[in-house]
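Bear in mind that the values here come from a model prediction, so they are computed numbers and not experimental data. Positions are given from 1 along the sequence.
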Amino acid sequence: RHSSKSIINKGLKTYEFRVYDKENFSKEIGNRHAKLHHKTAGRITRPIATFDKMYSWVEEDCGLMFEQLFNNQVVQMIFIALGKGVAVGASAADDPDFNVEVPLTHSMNYFIYQETKRRGIRYFDVGDTSFRSNIHKFYTEKELKINYFKRGFGSRSYPVKRWLWF
């Protein structure tokens with residue numbers, strides 16, 4: 001979208017971003033993410049042990065936690081799982097009580113892409129970037145615009161095979 005660059009730049013000026021890896025991650029940061037995740041969902045969506053397992057990936061150098069702040073208030077956290085030269089978003093939470101003047105995720109994703117690239121990650125799975133609906137998935141106008149936005153971050157798309165088992 002034509003406005004995404006200005007939204008990203010405005011977000012980079014408005015928000016503070018932090019990245020946590022095995023060198024600076026702590027249980028307190030993990031607890032902050034879990035609480036925010038519960039607040040976003042309005043309930044506890046999965047066993048606490050699964051959060052602990054996910055956080056252990058950071059300690060094993062297989063994950064990164066990203067935090068976005070506004071006036072020292074955490075407004076969004078995203079966990080990224082790492083593989084051999086590949087990263088994929090694994091868990092995201094944003095504060096539903098935060099009144100958004102500048103969209104959160106545009107600048108957060110840009111920050112994540114820049115940081116993973118700096119760390120030598122070659123591929124980042126941004127999720128679906130389909131151009132149109134198909135027999136398996138019908139997209140809303142908004143979803144198609146999001147897909148278009150995500151395609152703008154890369155120079156190449158790779159096919160994803162999806163299997164259905166009956």
Between [atom1] of [X] and [atom2] of [Y], what distance do you get to the nearest 0.5 Å?
| X | Y | atom1 | atom2 | value |
| --- | --- | --- | --- | --- |
| S4 | N109 | OG | CG | 11.5 Å |
| L36 | N31 | CG | CG | 12.5 Å |
| K22 | C62 | NZ | SG | 9.5 Å |
| I7 | H106 | CD1 | NE2 | 4.5 Å |
| I8 | Y113 | CD1 | OH | 8.5 Å |
| I112 | F79 | CD1 | CZ | 11.5 Å |

Cluster check [X], [Y]: I/L/V/M/F/W/Y, side chain < 4.5 angstrom:
| X | Y | value |
| --- | --- | --- |
| V75 | V100 | yes |
| L69 | V19 | no |
| I78 | W57 | no |
| V74 | F70 | no |
| M108 | L64 | yes |

Measure across M77 and E67 and return the closest heavy-atom pair with its distance rounded to 0.1 Å. CE-OE2, 3.7 Å

Least distance between heavy atoms, L12 atom then S107 atom: N-CB, 3.8 Å

Among pairs that include at least one residue of residues 96-112, which meet salt bridge (charged side-chain N to carboxylate O under 4.0 Å, His left out), considering only residues two or more places apart or in two chains? K39-D97

Who passes ring-ring contact (aromatic ring centres under 6.0 Å, His included) against F51, sequence neighbours left out? H37, H38

Once ring-ring contact (aromatic ring centres under 6.0 Å, His included) is applied, do any residues pair with Y20, and if so which ones, sequence neighbours excluded? none

Does a side chain donor of either E59 or Y55 reach within less than 3.5 Å of an acceptor in the other side chain? no

Is there a donor-acceptor pair under 3.5 Å between the side chain of [X] and the backbone N or O of [Y]?
| X | Y | answer |
| --- | --- | --- |
| Y15 | V102 | yes |
| N24 | D21 | yes |
| T40 | D94 | yes |
| Q68 | L104 | yes |

Any side-chain heavy atom of [X] within less than 4.5 Å of one from [Y]?
| X | Y | value |
| --- | --- | --- |
| S6 | K10 | no |
| R46 | M54 | yes |
| I121 | L82 | yes |
| T116 | R118 | no |

Does F17 have its ring centroid less than 6.0 Å away from the ring centroid of F66? no

Is the closest basic N to carboxylate O distance between R18 and E16 below 4.0 Å? yes

